[in-house]
Amino acid sequence: MAASDLPKKYNNATSEENWGKKWALHAVYQYNPNVDRSQTYVIDTPPPTVSGSLHMGHVFSYTQTDIVARYMRMTGKNIFYPIGWDDNGLPTERRVQSMFCIRCNPQLPYDPEFKPKNAKGGKKTQKEVSRQNFLEACKIQTASDEIKYEGLWKHLGLSFDWNQQYATIDEHCRKVSQNSFLDLVDKNHVYSSKAPTMWDTTFQTAVAQAEVEDREKHGHYHDIKFKTDCGEELVISTTRPELLAACICVVAHPDDERFQHLFGKFAITPVFHSKVPILKAEHADPDKGTGILMVCTFGDSADVDFWKTTSLPLKQIIGRGGKLVKIEFGKEEFASENPKVANSNYQELVGLYAKQARKKMVELLGDSLCAEPKPTEQIVKFYEKGDEPLEFISTRQWFIKILENKNTLVEQGKKVKWHPEHMFKRYEQWVEGLNQDWCISRQRFFGVPFPVWYKLDAQGEPDYDNPIFASKEQLPLDPQVTNPVSYSEEQRGQPNGFMADPDVMDTWATSSVSPQISSHWKGNDGRHAKLFPADLRPQAHEIIRTWAFYTITKSWMHEDKIPWHNIAISGWVVNPDKKKMSKSKGDTVTPDDLLKTYSADALRYWAGKARLGNDTVYDESVFKVGLRLTTKIFNASKFVLMQMYDKEGKFKTNSPGLITEPVDVAWIRKMNLLISQSTAHFEKYDYAIALSQTESSFWDFCDFYLELTKTRAYKQKEQASGQSALATLEHSLRSFIKLFAPFVPYVTEEVWNFEFSKLDGESPFVHSSLWPCAIELNKNAIESKQLIDLSKEVLNKARGLKSSNQKSLRWPINSMFIKGTAKDIDLIKLVESDIILSTSLKQAPTYQVLEQKPEESFFSIEMELSETKE
RNA sequence: GGGCGUAUAGCUCAGUUGGUUAGAGCACCUGCCUUACAAGCAGGGGGUCCCAAGUUCGAAUCUUGGUACGCCCACCA
């Protein structure tokens with residue numbers, strides 16, 4: 001390439017397409033399994049939930065990790081940087097249901113003819129399909145989403161090793177996940193039990209504590225009259241009158257004077273005439289409502305907690321679908337003083353949803369209701385992805401034992417380095433506040449099945465106490481398809497035969513082994529040893545309580561290890577009102593459009609400006625600045641390189657040994673400092689500081705150093721003075737390109753490939769080249785910073801004078817008179833010839849040495865413009 | 001109610017261990033096509049560093065107490 005062949009303008013779109021292809025073709029980002037662990041850097045990439053589209057929050061946090069990965073790669077490390085897709089779980093099911101307008105009914109047989117069709121705006125009623133048909137639809141949907149995601153990631157320049165791709169529903173992940181479950185069974189960290197569990201009635205599944213959130217909801221206090229067995233009247237205030245049939249007792253605070261005489265006696269419920277005991281309960285607040293309340297199975301978690309302390313019956317009236325189920329008063333737990341009336345009243349409620357039953361109940365209560373229901377704002381638990389309040393329903397679930405290990409798990413968390421440090425507090429507080437074991441079973445379909453069956457007795461009833469676990473050689477398996485080794489398929493569902501565990505695992509149960517999925521735990525011991533524990537887990541702060549916590553938990557349970565040495569917590573992208581940008585608010589912008597408008601490098605620049613853990617306000621003006629930076633990098637690089645072609649048009653490098661001129665040496669000192677600081681910041685994951693320092697030094701390079709020395713470099717090419725400038729320019733440019741490379745990979749690669757990539761001993765790609773290092777200087781120490789500051793002052797003063805006199809910058813200066821201390825004058829004389837050349841000064845400046853008087857500003861420049869342009 | 005974080009120019013943010021007159025970019029105003037870059041260059045205006053008290057020769061910075069905002073958790077009849 002000759003100087004004239006350098007492209008005129010930078011086209012980011014062409015560059016992105018071109019380098020994307022070449023990086024892939026040359027496997028620049030490929031992990032090398034033969035390199036030693038100490039020279040490898042392992043990243044436990046978050047597998048994004050495949051649920052339709054990626055937003056700017058993804059771009060933000062994934063770019064930040066990529067910046068670190070690119071830096072590490074340039075320090076010579078072998079990078080293991082996988083990408084996975086979290087495609088199983090409820091978000092996918094919900095999306096598939098609405099996308100294809102179908103619903104899973106596990107009772108139906110497989111229909112090989114059924115093909116899911118996109119039902120956009122089409123029919124409203126959901127077609128019921130078999131489990132297998134439903135799973136097929138899920139796979140079709142996730143596969144097409146994953147292709148879209150992949151396209152965006154590649155465009156953004158994320159340097160994943162695409163050979164290390166996985167999906168949490170694929171065979172390999174199912175195997176690791178099921179292995180994980182069986183290992184925890186072996187180690188006695190897992191149990192199943194039938195107990196009241198938080199239950200989403202819409203999705204009809206259990207949910208874990210970590211997936212629950214509080215929401216404000218309108219409700220009403222209903223004041224209901226109860227009678228005691230001695231004829232006294234009691235008023236109980238409740239927001240859930242529909243649970244009256246499930247009332248098991250009435251409680252008040254042990255110290256409450258008003259109710260002392262009632263403890264030990266019984267109350268009779270209105271409408272159903274059930275006789276329930278009046279008991280003491282610490283959780284009853286004398287100041288709330290009427291001070292006395294009913295306990296139902298189950299109105300809230302307090303009811304569950306209290307129920308567990310008693311031997312009172314379980315009256316389950318809410319069914320799994322959220323409707324009131326059929327029960328019979330007068331029998332077993334549903335004792336009644338008047339079963340006939342009770343049953344006739346309850347008949348009105350059967351089949352209604354809780355909300356409808358509440359209304360009906362008001363009618364049934366009639367006179368037993370003291371007053372009109374009073375409105376109140378209550379806080380109710382919801383599944384984070386659900387629209388109806390959670391119920392507590394007694395169901396059989398699998399749990400991982402967390403509570404007995406809380407202290408150990410806090411200690412494990414301490415062994416990980418948190419960036420920023422204070423994020424550890426969130427982890428600690430969450431673990432300390434936990435009050436339930438981790439429920440990992442979900443009554444859903446698109447997930448990893450439990451590798452478990454149950455024996456059926458002669459009546460066909462399952463024996464839950466002695467589950468049959470799959471052998472590890474069978475994994476992965478679906479117990480609904482595969483039979484246990486000790487049984488034949490014909491015995492499925494038969495008396496004295498077996499049945500499959502119908503549930504699937506919580507998505508987190510699988511994603512919490514993401515490091516082991518990548519390392520091929522229990523599949524390839526050598527690989528596992530090289531990749532586990534990982535070096536870095538990048539993730540967002542709202543999932544510290546789930547993903548980070550569960551991953552730490554599982555690594556400890558499996559191998560008594562921490563899963564990674566560092567965890568980097570990214571902030572959020574927020575609106576100007578400081579609220580998280582979210583899709584539901586309709587204010588997200590699609591990354592694809594922004595990539596087209598501003599370029600990948602510009603978006604990356606925006607992400608790179610934000611420090612870890614800090615939220616960033618979405619501000620398009622930052623993209624513009626990023627775009628401008630890429631243009632400047634391109635133009636300045638081109639200009640510097642242009643100086644380096646000889647008369648024959650041949651590109652010529654200049655060794656650092658040629659750097660002799662004082663101002664050049666001073667500039668190199670500045671570069672050395674920049675490089676060492678930038679490196680130090682990257683090592684602490686403070687990439688944002690590295691970027692801002694590099695950026696400001698680079699503009700300084702363009703506006704000061706380059707302006708001051710370009711004439712010397714150009715006119716004195718054959719002399720030592722010119723070569724000193726050329727060598728300085730070359731070293732500076734090469735360093736800047738590398739320092740910028742993790743942030744803006746496309747433009748730096750473009751520039752690197754003008755000439756640097758072709759030189760002997762240099763890497764063909766900037767991203768596989770080595771991080772810059774400082775140049776050893778054997779010159780005597782001079783006051784580098786002061787020399788630069790003084791020359792900058794002279795240069796800017798000359799430009800300012802011309803500017804304010806409305807003269808072009810090429811306009812000549814007749815004379816210049818500089819006053820300063822002896823030291824200042826000595827320094828400025830070192831750069832005299834550059835000043836003459838760069839300011840179009842007609843003769844050498846004159847100087848005056850002043851006595852040093854610290855209280856005065858004594859460095860001053862006077863100059864006189866030429867009358868004419870010549 | 002508990003924990004964490006943030007508060008600096010109109011906007012977005014830097015500000016190291018306390019140390020001259022508190023910085024940058026964007027936006028705004030003035031001037032200038034210079035051997036790359038007008039997507040550029042030079043210059044300018046713009047601040048009660050959230051409030052109060054304290055420590056100190058000296059506080060944006062340290063201490064205490066507030067206020068506002070954000071996040072996580074808890075409360076949930």
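What you see below is based on every heavy atom in this structure, not just the backbone, and it leaves out hydrogens, waters and symmetry mates. In what follows, chains carry the letters A, B, and so on, assigned in the order in which the sequence lines appear, proteins first and then strands, with residues in each chain numbered from 1.
The side chain of A:Leu809 has B:C41 as its nearest neighbour among B:A39, B:G70, B:C41. Ranking B:A42, B:G5, B:C73 by closeness to the A:His422 side chain, first place goes to B:G5.
Between the side chains of A:Ser570 and A:Gln64, no donor N or O sits under 3.5 Å from an acceptor N or O.
A:Glu421 places its CD atom 19 Å from the P atom of B:G3, with the value rounded to the nearest Å. What separates OH of A:Tyr598 from C1' of B:A39 is a distance of 13 Å, to the nearest Å. As rounded to whole Å, 5 Å separates atom P of B:U34 from atom CZ of A:Arg810.
Note on A:Gln429: a base of the nucleic acid sits closer than 4.0 angstrom, heavy atoms only. When heavy atoms are screened at a 4.0 angstrom cut-off, A:Lys8 is found touching the sugar-phosphate backbone but no base atom. When heavy atoms are screened at a 4.0 angstrom cut-off, A:Val625 is found touching the sugar-phosphate backbone but no base atom. Across all strands, A:Thr631 comes closer than 4.0 Å to base atoms (heavy-atom distances). A:Arg611 comes within 4.0 angstrom of the backbone, heavy atoms only, and of no base.
Pair assignment for B:A24: B:U12, on the basis of Watson-Crick or G-U wobble contacts that are both within less than 3.5 Å. Across all strands shown, B:G66 is found opposite B:C50 as a Watson-Crick or G-U wobble partner, with both distances under 3.5 Å. Base-pair partner of B:G40: B:C32 (Watson-Crick or G-U wobble, both distances under 3.5 Å).
Between B:U21 and B:U67, the distance separating the two C1' atoms is 31 Å to the nearest Å. Remark: the separation of the P atoms in B:A42 and B:C33 is 15 Å, to the nearest Å. Of the C1' atoms belonging to B:U55 and B:U64, the separation is 11 Å, rounded to the nearest Å.
Within 3.5 Å, no donor on the side chain of A:Glu695 pairs with an acceptor on the base of B:G25, nor the reverse. A:Glu707 contributes a side-chain N or O that forms a donor-acceptor pair with the base of B:A36 under 3.5 Å. The base of B:C37 sits within donor-acceptor range of the side chain of A:Lys632, with an N or O pair under 3.5 Å.
Proximity of A:Asn805 to the phosphate of B:G31: no side-chain N or O atom is located under 4.0 Å from OP1 or OP2. For A:Arg628, no side-chain nitrogen or oxygen approaches OP1 or OP2 of B:G25 to under 4.0 Å.
Between A:Trp418 and A:Tyr427, the ring planes lie tilted relative to each other; the angle falls in the 30° to 60° range.
Shown here are the salt bridge (Lys or Arg N to Asp or Glu O under 4.0 Å) partners of A:Lys792, two or more places apart in sequence or in another chain: A:Asp700.
Using a 4.5 Å heavy-atom threshold, the side chains of A:Met816 and A:Glu862 count as separate.
Comparing A:Ser621 and A:Phe639, the nucleotide of RNA chain B nearest to each residue sits closer to the 5' end for A:Ser621.
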